[in-house]
Structures are given as structure tokens and as C-alpha cells.
Amino acid sequence: MNRKAPFLCPDWVKRAEPMEGVERIEAWFHGKAYAMHRHDTYAIGRTLAGVQSFSYRRSQRNSLPGNTIVLHPDEAHDGQAGTDEGFRYRMIYVEPSLFQDVLGGRALPFLEGGVTTDPRLAAATATLLQHVGYTFEPLEQSDALAELAHALAAVAGTPAPRAKGDFLAARRARDYLHANCARVVTLDELEATTGRDRWSLSHDFRTFYGTSPYRYLTMRRLDAARHMLLTGASLAHTAAAAGFADQSHMTRHFSRTFGLTPGRWLQVAGRTQRG
């Protein structure tokens, strides 16, 4: 007698409206969720159900319900279900600049393992990891980010002295890249804007924002591209308007960053939970 295969709910991703450097999602996946990719933001989340498995810093990590996940900017990782039942999770993506506003130039906090049960981080993420339908007041989000930044620094043992480098130059570069992300920005422009040579500036930027200047520029283009795609713009138009050389250029960066092609991302981002 043939047994019917169990019904599997389709993969889905819900997302909140981005707010001042913070993105929030809740998702459900069976099997393979994401290929290897990396963000220029912190990815901080909580597993809600199932086993959330991922490769991170040359090791396999497994997050159980209630565990807190902390992925450092620009660290490659993937994502998949650790069991046949699938997994559900919430995640926030926080621009390092928001934590720098709190830490004032200290080195970015780094947690080696990627998964933690530390109660300080569980408490500090509780507000930001509410369901995606919840709308924050501006001050509420600001306070929650400050609490999270301090908790990360405490758990990571981040030293109090300021990191070596020119924080003001890095911030000027970030602001300039943000304002000019839809066009080619030259190294000469950045040097003139910041007063730093390109190698020193690259070191400053990684020290204070966790990624390279070019990576930051690419991510801002991808932010614009996702917004345009959700409004129905074509891939070709989106690529040109966001500042990419062509559609294949955008698709390559999109897949490297989010672990999904633009088409697949639209497919799961448009779904809502069933049942």
C-alpha cells in the first residue's frame, strides 16, 4: 500500500517595512533555504521552530528554538533545515553604522560561534525580534538598538578603547557612497571627500563598518533594486536604475548577497503564511 507523502507548507518569507537601517523578516523553509552568501549588515535572529542549520566560519552550526543567532558583517554563510520538519525563524539585519552611533568608534563586536544561549542577548533582542506586523515608534527602535549594541559588546568582550583609524573619514565616505550609489564612484572622489588615501580609507571603513567601501556601495544598489522589484519593475529596468552595469551584473551580486536569484526572492517574498 502506497503512503502519501506528508504535505509540506511552501517556503515563505514575510518582511516588515525597512526602518532607518533595520530590516526585519520572518520565514519558514524546508530543506535548502539559502546558498552561501554574505551581507554587509549584522544578521541577528532567533529560531522559533525546528533546527536551523548553517555553515559559518568553516563549521556547521545548529540553532534550536530560543537560540539567538549573531552573524558578523561580511561573513559567508548559508541556511538549511536541520531536520525533515523544516524551520521557522525571525531575523533583523542591522547596519553597522547604527551600532557605531552607540559605540562611538569602538571595534565592531564579534561572536565567534554564530549561535548563543547568552541571556543578555536573548533579552536585548526581544523587542527587535517581535512579529513583523509590529510597528515600532522611532524612539522605541532607537532604544532597542542601543541596548543590543551594548549587549553585543559585553558578550563579545569588546574593549573600551577606540579602534585605530579615522572614524570621521570612514563616516564621510559612507555618507558620500550612500548619496551616490546609483553611479560609478571613483577612488579619487573618495580620497578628495575624506582626506585619506585609498588604502587607509579601506582599513578605516572595514574597522568601523565591517565591510569594504565597494561592498557598501553594492549593498545600497541592492536595497534600491529590491524596492523596485517589489513595485513591479522589470529586471532590466531595475538593474539600470539601481546603478548596475546590466541585468546579469545585478543578478550575480543579488545571488551572492541573499543566496537567491531575484526571481526566486520575489517568489518567496510575495508569499504569506497558509493554514
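Because only heavy atoms are used, hydrogens play no part in the values below, and waters and symmetry mates are left out as well, while side chains stay in.
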Exercise. Is there a side chain to side chain contact (heavy atoms under 4.5 Å, CB included) between His237 and Gln247 once you walk through the steps?
Worked result: CA-CA 8 Å; His237 171 80; Gln247 183 176 325; over 6 Å; no

Problem set entry | Minimum heavy-atom distance between Leu201 and Ala173, given as atom pair plus value | CD1-CB, 3.9 Å

For this session: Evaluate the criterion side chain to side chain contact (heavy atoms under 4.5 Å, CB included) for residue pair Arg15 and Arg226; output intermediate values, then yes/no.
Result: CA-CA 12 Å; Arg15 61 185 61 249; Arg226 285 191 296 170; 3.7 Å; yes

Problem set entry | Test ring-ring contact (aromatic ring centres under 6.0 Å, His included) applied to Phe29 - qualifying residues, sequence neighbours left out | Tyr34

Exercise. So Ser200 and Asp197, side-chain hydrogen bond (donor to acceptor under 3.5 Å, both in side chains) or not? Walk me through it.
Worked result: CA-CA 6 Å; Ser200 298; Asp197 70 85; 2.8 Å; yes

Problem set entry | Donor + acceptor pair across side chains of Tyr176, Glu189 (<3.5 Å) | yes

Problem set entry | Residues Thr211 and Arg206: side-chain donor-acceptor under 3.5 angstrom | no

Exercise. Under 4.5 Å between any side-chain heavy atoms of Val155 and Pro109, yes or no?
Worked result: no

For this session: Kindly work out whether a path of hydrophobic side-chain contacts (I/L/V/M/F/W/Y, heavy atoms less than 4.5 Å apart) joins Phe54 to Leu64.
Result: no

For this session: Provide the full list of side chain to side chain donor-acceptor pair (under 3.5 Å) pairs with a residue in residues 140-151, sequence neighbours left out, each pair given once.
Result: Tyr134-Glu140

For this session: Test side chain to side chain contact (heavy atoms under 4.5 Å, CB included) on Val22 and Met19 and set out the steps.
Result: CA-CA 5 Å; Val22 178; Met19 183 177 179; 5.6 Å; no

Exercise. Going only through I, L, V, M, F, W and Y residues with side-chain contacts under 4.5 Å, is there a path from Val268 to Leu222?
Worked result: yes

For this session: Give a yes-or-no answer on whether the side chains of Asn67 and Thr117 include a donor-acceptor pair shorter than 3.5 Å.
Result: no

Exercise. If we ignore angles and hydrogens, is there a donor and acceptor under 3.5 Å between the side chains of Arg106 and Thr158?
Worked result: no

Exercise. Would you call Arg38 and Asp74 a salt bridge, taking side-chain N to carboxylate O under 4.0 Å as the test?
Worked result: yes

Problem set entry | Centroid separation Trp265 to Phe258 less than 6.0 Å | no

Exercise. Can you hop from Leu187 to Tyr214 via hydrophobic side chains spaced under 4.5 Å?
Worked result: no

Exercise. Considering all heavy atoms of both residues, which atom of Met219 and which atom of Thr257 are nearest to each other, and what is their separation?
Worked result: SD-CG2, 3.3 Å

Exercise. Can you name the closest pair of heavy atoms from Arg221 and Ala242 and give their distance?
Worked result: CG-O, 3.0 Å

For this session: Please state whether the rings of Phe87 and Tyr89 are parallel, tilted or perpendicular, taking 30° and 60° as the class boundaries.
Result: parallel

Exercise. Are side-chain heavy atoms of Arg24 and Tyr93 found at a separation under 4.5 Å?
Worked result: no

Exercise. With a 4.5 Å limit on heavy-atom distance, are the side chains of Asn62 and Gln52 in contact?
Worked result: no

Exercise. Which heavy-atom pair separates Ala241 from Ala182 by the least distance, and what is that distance?
Worked result: O-CB, 4.1 Å

Problem set entry | Minimum heavy-atom distance Phe208-Ala170, with the two atoms named | CD1-CB, 4.0 Å

For this session: State whether Asp11 and Arg264 are salt-bridged, where the test is any N-O pair (Lys NZ or Arg NE/NH1/NH2 against Asp/Glu carboxylate O) under 4.0 Å.
Result: yes

Exercise. Can Asp118 and Thr68 be said to form a side chain to side chain contact (heavy atoms under 4.5 Å, CB included), step by step?
Worked result: CA-CA 8 Å; Asp118 194 295; Thr68 304; over 6 Å; no

Exercise. Are more than 12 heavy atoms from other residues, nucleotides or ligands located less than 6.0 Å from atom NE2 of His249?
Worked result: yes

For this session: Give a yes or no on whether the backbone of Thr41 and the side-chain of His39 come within a donor-acceptor separation of less than 3.5 Å.
Result: no

Exercise. Measuring from Leu111:CG to Leu152:CG, what's the distance to the nearest 0.5 Å?
Worked result: 6.5 Å

Problem set entry | Interatomic distance, Cys181 atom SG to Arg183 atom CZ [nearest 0.5 angstrom] | 10.0 Å

Seminar exercise, completed: To the nearest 0.5 Å, atom NE2 of His253 lies from atom OG1 of Thr251 at 10.5 Å

Problem set entry | Same apolar cluster: Phe254 and Ile25, side chain cutoff 4.5 Å | yes

For this session: Indicate the ring-plane relationship of Tyr216 and Phe205, choosing parallel, tilted or perpendicular according to the 30° and 60° boundaries.
Result: perpendicular

Exercise. So, do Thr127 and Phe136 sit near enough that their side-chain heavy atoms are less than 4.5 Å apart?
Worked result: yes

Exercise. So, Arg88 and Glu26, do they make that salt bridge, N to O below 4.0 Å?
Worked result: yes

Problem set entry | pair Leu190-Leu177: side-chain heavy atoms closer than 4.5 Å | yes

Problem set entry | Non-hydrogen atoms of Thr238 and Met250 that approach each other most closely | CG2-SD, 3.8 Å

Exercise. Which word best sums up how the rings of His37 and His77 line up, parallel for under 30°, tilted for 30 to 60°, or perpendicular for over 60°?
Worked result: tilted

For this session: State, with a plain yes or no, whether a side-chain heavy atom of Val115 is found less than 4.5 Å away from one of Ser63.
Result: yes

For this session: Please check if Ile92 and Val132 belong to a single hydrophobic cluster, counting links between Ile, Leu, Val, Met, Phe, Trp and Tyr side chain heavy atoms closer than 4.5 Å.
Result: no

For this session: Report yes if some heavy atom in the side chain of Asp188 is under 4.5 Å from a heavy atom in the side chain of Arg198; otherwise report no.
Result: yes

Exercise. Do NZ/NE/NH1/NH2 and the carboxylate oxygens of Asp223 and Arg220 come within less than 4.0 Å?
Worked result: yes

For this session: For the residue pair His72 and Tyr42, categorise the inter-ring angle as parallel (less than 30°), tilted (30 to 60°) or perpendicular (more than 60°).
Result: perpendicular

Exercise. Is it true that a side-chain atom of Gln100 and a backbone atom of Gly105 form a donor plus acceptor pair closer than 3.5 Å?
Worked result: yes

For this session: Using a strict cut-off of less than 4.0 Å between a Lys/Arg side-chain nitrogen and an Asp/Glu carboxylate oxygen, indicate whether Asp78 and Arg61 qualify as a salt bridge.
Result: no

Problem set entry | pair Leu71-Ile44: side-chain heavy atoms closer than 4.5 Å | no

Problem set entry | Separation between NE2 of His227 and CG of Leu230, rounded to the nearest 0.5 Å | 8.0 Å

